[in-house]
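Take a look at the structure set out below.
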Amino acid sequence: MAPRILAVDDSPMMLKLVKDTLERGGYEVLTASSGKEALKLLDRAQVDLIITDVMMPEMDGYTLTQLLRRRPDTATLPILMLTSQDSLEAKVKGFQAGVDDYLTKPFEPTELQMRVQVLLRRAKAAPAAEEVPGKTIAVFSLRGGAGVSTIATNLAVALAQLWGVPVALVDLALVAGQSALLLNLSLHHTWADLAEKAVEEIEGDMVEQVLLPHASGVQVLASPPLPHQAELVTGEHVKRVLDLLQRRFHYVVLDLPHDFSDPTLSALDMATEILLVLSPDLGSVRATVAALEAFETLEYDPERIHLVQNWVFKRPGLPRKEIEDLFHRPIRWVLPYMAEAVVNAINHGRPLALGDPKSPVRALFEDWAFLLSKPEHRLHRPEHPTETWLRVAKRFRKRKAGGK
Amino acid sequence: MPLMLENDPELRALFEEETVQWMGMLKNALRRLYRFPGDHQALETAQRAAHTLKGNLRMVGLQQAADLAAQMNDALRTALHDKRALTANEVLRWARWADQLSRLLIPHGIPYIGEISVEDKV
């Protein structure tokens, strides 16, 4: 199959010249006349390389490149800047924005074909792991009161702080969801804005517009304010929205309700990992057994499922060993009892993961965030490590040295 | 007529359509600047038009016209960068360049845009 190239330019004449040149070279060429149109097109079509002009209305080529570099599905895609701006300053700005190559107009057709060929060859040689879409982490419990929203929200915050990238937090507890509240965000937009649309009409930029931005880097898709609006959200809506978010965010965290409704099942199907939350009491343990049985019926890979124990009450509770024996699997993480801190965090709309950097509970969420991160992030030191990353690295080094 | 345009009627139609559009935008933006020298948006529009004309004209091989568009683009970009108040004489100089550019394009099927004169000042 011929490599597919997306050319972005507000000049139809230039688009025709680029298209003709590359089609003669055996490539398939898609065109977009603006950055916005390009982003919209990339929600539906996969391409192997992007050629962009610089000076375009609404969004210039630098901004488009920066946005493409933030999206998991285009983060490593070769980008060639094709412009009549020939100054050194413009070239430096292009490379700083993230382009791989720079060619000035007027271009020689053979040179354009050669540069495209070289960029595609280099991209083919790059490791495929870089091309994986955003990682989706679902936080779930079949019984209420286990702290699902608290864990989902703090995990999303910790991931955003750890990697310095935007993280999507999707509240699927569609009736009276808590995510926006936990981050003190007003419900200007919610799932209700998307649920009104036919699934096939929902586009990536539409989803971005309804996300509520939080200073931590988390962007929340909040549950609707009115219970009857929740009924409009279908499993198909959830699939479409998550697919679009996975293309645009490295991490998508799902705050799920305590049911196996159609939207919940669609979300669980799309999750890369599932944190199954329980508290050490008989009711919660029984609900967890039921959830695990359902996951088995659904043939979910057991490796995707991690048990998280949350002490939502003061001891005594069921012993950890007994719970692990019952499930024939280990509890991966334990959140200690801290009702007062949790209630304070909710009342002030300030998540624990943004509390005192020295607090053990913040450290816990930061460490979980690291362990749940994509391998391509986890296995390399970032070029510009965040404060959170430096703290996590220090703790892991200390544990390694201590043999823990 | 450059060979590239002669051999490709579709490209020629696009070239003519776009050049007429950009020349019109350039003229209107310069007219507005003459009346309102502090209109930053008009200055941006004029620069964008000159920039695109530079690229398109070079691409089809109309070098003399492209050089004139490049000269305008550089002057407009500097004015944008400097963020200083424009003078009427400065805008008139750009208008003369736009006029020259338009005359150069007549043989290539682009209608003359008309002069921008002092009568335009309200």
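All chains are named by letter (A, B, ...) in the order of the sequence lines, taking the proteins before the strands, and each is independently numbered beginning at 1.
A side-chain donor from one of Tyr112(B) and Arg103(B) sits under 3.5 Å from a side-chain acceptor of the other. At a cut-off of 3.5 Å, with distance as the only test, a side-chain donor of Gln63(B) or Asp67(B) sits close to an acceptor on the other residue. A donor-acceptor contact under 3.5 angstrom links the side chains of Asp60(A) and Thr63(A), judged on distance only.
Annotation for Glu17(B): atom CD does not count as buried by contact number, only 12 or fewer foreign heavy atoms lying within 6.0 Å. Within 6.0 Å of NZ in Lys16(A) there are more than 12 heavy atoms belonging to other residues, nucleotides or ligands.
Annotation: maximal heavy-atom pairing with chain A below 4.5 Å, among Gln21(B), Gln47(B), Glu18(B), Arg58(B), occurs at Glu18(B). Per-residue heavy-atom pair counts under 4.5 Å with chain B were compared for Gln85(A), Lys105(A), Met56(A), and the maximum is reached by Gln85(A).
Only the side chain of Thr83(A) has a heavy atom closer than 4.5 Å to any heavy atom of chain B. The parts of Glu10(B) that come within reach of chain A are both its backbone and its side chain, each placing non-hydrogen atoms under 4.5 angstrom from that chain.
Side chain of Arg247(A) to main chain of Asp73(A): no donor-acceptor pair is present (N/O by atom type, distance under 3.5 Å, no hydrogens or angles). No side-chain donor-acceptor contact under 3.5 Å links Arg32(B) to the backbone of Gln41(B).
At least one cation-pi condition fails for Arg96(B) and Trp94(B): the charged atom is not both under 6.0 angstrom from the six-membered ring centre and inside a 45 degree cone around its axis.
When the heavy atoms of residues 202-214 of chain A are compared with those of chain B, none of the residues falls under 4.5 Å.
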